[in-house]
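The sequence lines fix the lettering, A, B, ..., with proteins before strands; numbering per chain opens at 1.
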Number of protein chains: 2
Amino acid sequence: MGLPEPNVGVTMLVVDLARLLRRNFEAELSKVDTGLTAGEARTLFYVWRLPGQRQAVLADAMYVEPMTLVGYLDTLEKAGLIKRCTDPSDRRAKLVELTPKAQPLLENIGTALHAVRSRALENIPPDKRQVLEMLLQTMKDGLLEEVSKGKQK
Amino acid sequence: MGLPEPNVGVTMLVVDLARLLRRNFEAELSKVDTGLTAGEARTLFYVWRLPGQRQAVLADAMYVEPMTLVGYLDTLEKAGLIKRCTDPSDRRAKLVELTPKAQPLLENIGTALHAVRSRALENIPPDKRQVLEMLLQTMKDGLLEEVSKGKQK
DNA sequence: CCTAGTTCGTAAGGTAACCTTACTAAAAAA
DNA sequence: TTTTTTAGTAAGGTTACCTTACGAACTAGG
């Protein structure tokens, strides 16, 4: 009596999983040094994936507020890993580019990501991995919908 | 050239997913009021699942440091949702119990969890959900191993 | 029994990932 | 040309953690 339904436990499992994944990523990241925090590494990763984009576009892709991105970019810029170039077609906007110095860092981040991946998948039979990854992508899409819904206040 | 391997993207997807799940949980939680933060709600949930346990046991189950738990329990206790009773067999230890007042809150947390679950699974064909949940559990187990390995310094 | 080492919870203080609000400068619309 | 929108940012807050340092109580070893 009064018990929330059984599936609730499964969802908390997912919430816990989220925590653990983040933690693992942070731990692996600190192992490969880089001197970056998780947020900064994530940002660098996104700049690598979307080079020469405006901060607003980047923030949108990362699902953080523009202001949050500013902080990460400030650090990365001070460390000489990215540069902000004024958009020739709009003097307010800045296009974010990687510097050559970022290359080795990206490789380290890649190593960390790889480690997390191996760990997460180590007990999953290889033939199921493909399925899992697709399902995860689908999950992400579902969750994104709601996040953006919330935004268009 | 210089590109980290392709799977790196998939792992970042999982890292992003972790972020989104947390965020969704927080958002849903604030919708159903409760006045609790995500960490506090998670704690209450665990007390419900492991009633009458010591704080150390609880912290262990939640994979947080005992000190982290103290903060959450302090808030919950002040709100009259749990109580700490001295363990009769060890005057240092405290056993954590729910109070009756916690019941409705737990139901709200259940609602929030349910919402996250629906959202996360909405685009997943029902016949795949079972598989997904099993895979997620397996993933969690893999990640936990490493976390605990790190702990036994 | 008594001393030495463990264990339980906790106070103090720190870091990192975010967010909101408020502002300036520039562009776009009216 | 005035008004409105948009791009970035400074300032400051919240939450989820962690580490370090301790005192009080249990457990062993002699």
Side chain to side chain contact (heavy atoms under 4.5 Å, CB included) with B:A115: which residues, sequence neighbours excluded? B:E28
Under 3.5 Å, which protein N or O atoms sit close to an N or O of nucleotides 14-17 of chain D? Give each pair with its distance.
unit_1	atom_1	unit_2	atom_2	d
D:dA16	OP1	B:T37	OG1	3.0
D:dA16	OP1	B:A38	N	2.9
D:dA16	OP1	B:G39	N	2.5
D:dA16	OP2	B:T37	OG1	2.9
D:dC17	OP1	A:R19	NH1	2.6
D:dC17	OP2	A:R19	NH1	3.4
D:dC17	O5'	B:Y72	OH	3.2
D:dC17	O3'	A:R23	NH2	2.6

Note: B:R117-B:E133 ion pair, threshold 4.0 Å (strictly below): yes
So if you build clusters from Ile, Leu, Val, Met, Phe, Trp, Tyr with side-chain heavy-atom gaps below 4.5 Å, do A:L73 and A:L95 land together? no
Report the residues that fulfil side chain to side chain contact (heavy atoms under 4.5 Å, CB included) with A:E40, sequence neighbours left out, ordered by chain and then residue number. A:L36, A:T37, A:Y72, A:T75, A:L76
In the hydrophobic clustering that connects Ile, Leu, Val, Met, Phe, Trp and Tyr at side-chain heavy-atom distances below 4.5 Å, which members other than B:V70 occupy its cluster, ordered by chain and number? B:M67
Let me know the distance between CG of B:L69 and P of C:dT7, rounded to the nearest Å. 19 Å
Check side chain to side chain donor-acceptor pair (under 3.5 Å) between B:E97 and all other residues, then give those that pass, not counting sequence neighbours. none
Please report, rounded to the nearest Å, how far the C1' atom of C:dC8 is from the CG atom of B:D60. 13 Å
Taking CD from A:Q55 and P from C:dA26, how many angstroms apart are they, rounded to a whole number? 16 Å
Residue list, salt bridge (Lys or Arg N to Asp or Glu O under 4.0 Å) with B:R92, at least two apart or on another chain: B:D90
Nearest-Å distance for atom pair CG/P, residues B:L21 and C:dA17: 19 Å
Could you list by number each residue of residues 79-92 of chain A showing a heavy-atom separation from DNA chain C of less than 4.0 Å, or answer none if no residue does? A:D90, A:R91, A:R92
Mind checking what makes side chain to side chain contact (heavy atoms under 4.5 Å, CB included) contact with A:N108, not counting sequence neighbours? A:V32, A:D33, A:T34
Every protein N/O lying under 3.5 Å from an N/O of nucleotides 10-13 of chain D:
none

In whole Å, what is the span from the CG atom of A:L58 to the P atom of D:dA7? 13 Å
Roughly how many Å is it from CG in A:L73 to P in D:dA7, rounded to a whole number? 15 Å
Length of the line joining B:D16:CG and C:dA17:P, which is rounded to integer Å: 14 Å
According to side chain to side chain donor-acceptor pair (under 3.5 Å), who are the partners of B:Q55, at least two apart in sequence or on a separate chain? B:R84
Listed partners of B:F45 passing ring pair (Phe, Tyr, Trp, His ring centres under 6.0 Å), at least two apart: B:W48
Set of residues satisfying side chain to side chain contact (heavy atoms under 4.5 Å, CB included) with respect to A:V57, sequence neighbours excluded: A:L50, A:Q53, A:R54
